[in-house]
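Below is one structure; the comments refer to it alone.
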Amino acid sequence: MICAVPRYRDVILLLLSVLLLTLPIACLNREPVKIGFSGGLTGRLADLGLYGRNGAVLAVEEVNARGGVAGRKVELLIADDKQDPATARKVDRELIDKGVVAIIGHMTSAMSVAVLPLIEEGSVLYLSPTTATGRLAAIDDSFLRTITTNRIAISHLVHHVLHEQGLERIAVVYDAQNLPFTQAWADAFAESAGGGGNFFAGIPFVSGPGFSFAGLKEKILSHDPDGVVVVAAALDAAMICQQIRKSVADMPIFTTMWSMSPDFLQHGGSATEGVRFINWFDPKHSAASSKKFRRKYFERFGRMPTFAAHFAYEAAYILFYALEKTTDPARLKTTILEKAEFKGTQGKIIFDEYGDVRRPLYLMQVKDGNFTRIEKL
Amino acid sequence: MKKPASLRFSLTANFILLGILPVIVIGVTALLILGSSLSKEIRTKNYALARSVSGEVRTFLKEPLSLLNQVDGVVHSDAVNTNDTINSYLEAVLENYKFFEALQYINSNGKVEYIAPRTPEYLGMDMSLQPFFRETLHTSKPTWSPTFISPQTGAPAITLSIASANSGVWVGYVNLQILSRIVAKISGEHAFAVITDQEGTVIAEKSSERVLQRVNLRYLDAVQQSINGKAGTFTVYDRGDKYILSTVHLPMTGWLVLFFQHYEDAFGTYIKIRRILILGVLLTLLASTATALLRARSIITPLDTLLSHAKKIAAGDYDSAAGRQKFTEFNELNEGFIAMAAAVQDREKSLVDRERLYRQLVETIPYGILEVDVSGVILFNNSALERIYEVEQGQLIGKYLWEKEASEDEQNALYTHFQTLVTEHPDPSTYYFRARTGKNRRIDIQADWQYKLNRKAEVTGFIFVYTDITEKKQMEDKLRQSQKMEAIGTLAGGIAHDFNNILAAILGYSELVYDNLADNSTDKEHQQQVLNACRRARDLVQHLLLFSRKQPYEKQPVELYILVREAAQLLRATVPATITFDVRIDKQTGVINANATQIHQVILNICTNALHAMEERGGELLLSLSAMVVEENAERAQELLPGRYGELIIADTGDGMPPETLERIFEPFYTTKDKGKGTGMGLAVVHGIVENHDGYILVDSTPGKGTRFRLYFPLAARQNAVEAVPRSVHCGNGQHILVVDDEAAIVRSTASNLERLGYTTTSTTSSLEALRVFEESPNAFDLILTDQAMPGLTGHELAKKILQRRTDVPVILCTGYSSTIDAAKAKEDGIRDFLLKPVVIETLSRKIAENLAEKW
């Protein structure tokens with residue numbers, strides 16, 4: 001018999017029928033590229049983490065809307081380090097276990113220093129938007145940042161406070177929860193002011209439930225300073241300003257970019273008037289890219305972005321650039337450093353060979369409830 | 001070209017389509033209807049749940065507002081008017097109403113005046129930049145703030161602010177945990193509610209994580225749309241899951257109440273029904289595919305069987321037949337195939353037979369047949385053509401038509417002729433040309449041809465029929481030659497006959513005149529010359545008559561070998577030492593009906609020529625006789641009629657002859673000898689005699705190599721054979737005979753023969769010399785043998801002079817012909833006897849014996 005066995009066409013027909021019905025089930029899908037975000041999302045210091053997370057979220061949403069990187073979607077896994085070193089290491093380990101190739105974070109220097117063992121392990125690339133501590137500078141490790149180390153900012157502020165403002169008795173109030181960042185400021189003033197014959201008082205604090213800002217104020221004023229430098233997060237800085245101004249309305253107060261968020265203004269109220277910052281960021285920068293980002297951020301989150309949001313957003317895009325070339329964590333850093341120069345929301349971001357960047361510095365002041373640029377340094 | 005579709009595929013596909021189409025249509029319709037109504041119902045239900053949550057929230061939100069209003073009223077009443085009482089009151093309020101975590105009174109300057117729970121350090125704090133303060137003061141309406149991190153607690157906070165009657169602002173910090181409890185009540189594993197602030201940030205959820213992290217839900221389009229005032233029910237994907245999401249906007253706060261339900265739970269029933277339907281469709285598809293394959297197979301199988309038989313038939317297996325089929329139509333088709341196969345088989349057989357017949361015809365006929373294309377290349381030829389061209393089988397295929405032409409000129413001529421056929425299409429006509437065979441033989445070809453046309457009547461080639469006309473041409477040449485000879489013979493015979501009579505008169509009267517003239521007179525000598533000339537003329541006429549066969553001769557059956565042997569014996573004496581005379585005679589040759597004298601003459605004439613040809617250089621003379629049978633169709637049949645022949649070959653190794661000479665040797669008076677040496681009649685006479693004996697004569701000659709004569713005399717049938725005349729050679733006994741003949745050869749041969757017979761001879765070629773010899777010693781001779789026709793004295797005159805001297809001596813006169821000799825007068829003059837030349841030795845010996853006997 002000629003057709004005792006079914007011909008191949010019959011088999012094809014059968015397979016085709018089954019395939020047609022099962023096609024929607026077996027949809028082809030490429031694995032997304034996983035990246036992590038680690039920052040403090042809860043607690044008093046959370047504003048840095050929340051804004052940073054939002055910046056990263058916005059960037060990921062944008063890149064995915066454009067088709068992802070190298071044809072793959074980007075999946076952002078978000079972790080809350082709760083501003084706690086142990087938690088930071090734990091959540092980062094979890095992220096690494098989930099297969100992230102890079103982590104945008106951490107948002108405070110203390111947390112970045114806390115995960116130094118993981119940074120040295122090198123299984124992921126850390127790209128921190130806001131870790132400014134000099135302790136991680138000039139080290140060829142798996143750590144990059146889109147913020148400049150605070151050394152230059154510190155020296156500018158020291159110069160400004162001691163020489164330009166001519167203040168002699170300086171109290172430096174600094175958050176002991178983020179010493180890697182804050183300590184440097186205190187040390188710099190200790191060296192310049194104390195060592196230079198001026199008076200210097202370093203006042204560390206740890207805010208938290210039951211903490212008395214009035215008590216802190218008393219401690220500060222007990223030194224009879226003619227200027228106070230506040231190295232603290234926005235809320236704490238606002239509260240300190242409130243307390244100091246209640247007692248000495250015209251006390252010159254200086255603070256850092258860390259405090260520079262709308263929360264500082266809202267919670268500090270008129271007590272923030274005249275407060276000065278040395279800053280790498282202008283919230284009203286006139287560049288089109290900056291304006292565009294501010295608009296997008298507002299549309300997405302209903303409020304204006306902070307420097308943390310800006311820097312996290314930029315960090316995410318720098319990472320996307322590298323991920324287009326490779327998803328090998330070991331090669332991401334090299335890929336970024338080879339290009340070295342990136343376009344940020346407020347101008348160029350230039351990496352040095354160790355993965356540290358240079359950004360322009362500004363002297364800012366709160367004026368009529370707004371951050372106002374006095375000069376570009 | 002597009003490949004035709006397969007019937008099997010088409011049938012199967014159609015069956016499948018027929019099988020599943022209704023199922024798919026019904027299934028899809030059912031799914032659409034069911035899906036649409038179920039979806040509507042589920043969405044409505046989901047929205048209702050969202051609305052119920054929002055109702056609860058609204059109810060909840062009314063309380064803090066009324067409480068703040070109440071606080072404002074109480075604080076500014078007379079009862080509560082000191083700082084302490086106010087603070088106590090506020091503490092009591094917080095204690096009783098858990099939805100506020102803290103209460104503040106901010107004066108119109110933005111400074112905190114009262115605060116609960118009591119935290120003195122916050123008193124006097126500047127809140128003037130807080131949006132809720134500014135808005136409430138500005139609008140004098142209750143204001144709900146977006147979430148912010150409370151400086152006091154470090155946790156997300158929302159405030160409700162109302163304008164106080166005392167121009168300050170009352171601020172209540174809402175306990176978000178209470179809001180979370182409201183939504184937690186309605187949230188389960190598969191459905192949950194979420195409340196966001198006016199920015200989309202989560203402020204209440206069963207789990208507090210997203211509240212604490214202030215997660216903004218605007219990434220969901222549904223949330224974005226709802227914030228923009230387009231609340232409703234949506235299908236969303238969030239954190240990897242699919243949800244039905246209903247949103248309700250709370251106008252009072254600008255908040256959103258979101259109710260999420262897992263899509264699969266909401267549509268569980270629908271999904272189950274859909275799965276069942278899909279499974280049903282799938283099963284139906286499988287079943288219909290299987291059925292379709294089977295059904296298609298049941299149709300295709302017989303078709304395939306028939307197809308395979310059709311292919312077998314096409315391949316020539318006409319006995320192939322399929323068995324009975326399942327369907328009537330296929331059976332009819334099958335019968336049709338069988339009938340068709342039979343018809344095809346018959347037709348093919350007849351075609352094959354006819355093809356074989358035509359092939360046999362083509363191969364059998366002796367004509368060369370060939371087919372050429374328009375470029376002149378030979379595509380086909382039969383074996384006859386190969387025989388004509390004397391080439392191996394297949395050697396002509398692929399060659400150009402004109403390649404076998406004999407010369408380059410002829411090739412060009414045929415090529416040009418062929419091109420004319422191709423371009424001008426003339427009417428077919430016969431064409432002649434000369435070709436060269438594989439054995440380098442030149443042949444004559446007659447080419448007849450015809451066009452080869454295709455269906456459109458275009459010329460695609462030519463069919464040629466070649467006839468080898470080489471022999472025909474040779475026959476024609478021969479015929480022409482023989483006709484010429486015939487004409488010459490008739491002419492010569494006619495003339496000779498009349499001239500003979502005239503000559504007789506001249507001779508007779510000349511002799512009379514001669515006799516009457518005085519001896520030794522000059523006139524008599526002159527008259528003698530006249531007579532001599534007359535006699536030569538008479539001889540000539542005799543030869544002419546012999547050539548023209550006008551002269552009747554008696555013929556009788558004789559053994560041919562005897563005639564040849566006698567001639568050989570006669571010749572032997574005259575063959576010079578430089579020439580080898582090779583005689584090969586087969587005594588079994590047979591009997592011919594012949595005139596012996598004439599046969600002798602033939603041999604002598606040819607041999608005399610041969611000896612002449614070898615006179616200077618010497619050589620070999622071959623005389624051979626044997627019997628030969630020419631069969632029907634034998635090679636010789638082209639020259640000789642079938643039958644038995646005595647073949648006489650006379651070959652020399654002399655000078656040979658060029659073809660132009662060869663063509664004319666039998667013509668009378670044609671001679672190549674020096675003037676006076678030959679009459680030019682020798683071979684003409686031979687020709688006449690052979691013809692007279694119904695024989696054939698063939699000559700081939702190569703200049704420088706020699707000449708060969710082949711003579712064929714038809715042998716008489718054995719039963720009719722007559723014994724040859726018994727030989728009776730009479731021997732002498734030393735008697736002295738004077739032999740006179742002007743032909744030296746004859747003198748030599750005759751004398752030689754006589755001496756062999758026992759006679760003594762004196763011989764001379766001059767009659768005058770003979771007379772002198774005789775007169776010297778007349779009694780020395782017992783018999784005189786003389787030729788008649790001789791210069792000087794004729795035989796007759798010599799005889800008369802001898803007889804005048806001695807009357808008793810017998811004189812025998814030899815003459816080639818008798819008419820000029822008056823026998824009676826000769827007898828009267830004393831001549832004893834006459835012998836007709838050529839003299840046969842037997843006759844001669846007898847005559848001599850008789851005459852000598854008479855003498856004695």
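Numbered from 1 within each chain, the chains take letters A, B, ... in sequence-line order.
- Taking both residues in full, the closest heavy atoms of A:R53 and B:V215 are given as NH1-CG2, 3.4 Å, listed atom of the first, atom of the second, then distance.
- The closest donor-acceptor contact from the side chain of B:D126 to the backbone of A:G269 lies at 3.5 Å or more, if one exists at all.
- At distances below 3.5 Å, at least one donor-acceptor pair connects side-chain atoms of B:E121 with backbone N or O atoms of A:F213.
- For chain A, the nearby parts of B:Y219 are the backbone and the side chain; heavy atoms of each come within less than 4.5 Å.
- If you tally non-hydrogen atom pairs under 4.5 Å between each of A:R303, A:K217, A:R300, A:K246 and chain B, the highest count goes to A:R300.
- A:D263 meets the side chain to side chain donor-acceptor pair (under 3.5 Å) test with no other residue; sequence neighbours excluded.
- When A:N54, A:L41, A:T42, A:L50 are each tested for a side-chain contact (heavy atoms from CB on, under 4.5 Å) with B:R214, only one passes: A:L50.
- B:N216 places a side-chain N or O within donor-acceptor distance of the main-chain N or O of A:F301, the cut-off being under 3.5 Å.
- B:Q198 does not touch chain A: none of its heavy atoms, backbone or side chain, sits under 4.5 Å away.
- Here the straight-line distance linking atom OG of A:S270 with atom CE of B:M125 works out to 10.5 Å at 0.5 Å rounding.
- For the pair A:Q242/B:Y122, no side-chain contact is recorded, criterion being any heavy-atom separation below 4.5 Å from C-beta on.
- Taking chain A as the reference chain and counting heavy-atom pairs below 4.5 Å, the highest number among B:T119, B:L217, B:L123 is found for B:L123.
- In B:Q177, the CD atom is not crowded: 12 or fewer heavy atoms of neighbouring residues, nucleotides or ligands sit closer than 6.0 Å.
- For B:E264, the CD atom counts as loosely surrounded, since its 6.0 Å shell holds 12 or fewer non-hydrogen atoms of other residues, nucleotides or ligands.
- Looking at A:T272, only its side chain comes within 4.5 Å of chain B, counting heavy atoms on both sides.
- The distance from atom CD of A:Q266 to atom CZ of B:R134, rounded to the nearest 0.5 Å, is 9.0 Å.
- Every residue two or more places apart in sequence or in another chain that forms a ring pair (Phe, Tyr, Trp, His ring centres under 6.0 Å) with A:F277 is listed here: A:F264, A:F371.
- A 6.0 Å sphere centred on CZ of B:R295 holds no more than 12 heavy atoms belonging to other residues, nucleotides or ligands.
- The two residues B:Q224 and A:E299 have their closest heavy-atom pair at NE2-O, 3.6 Å.
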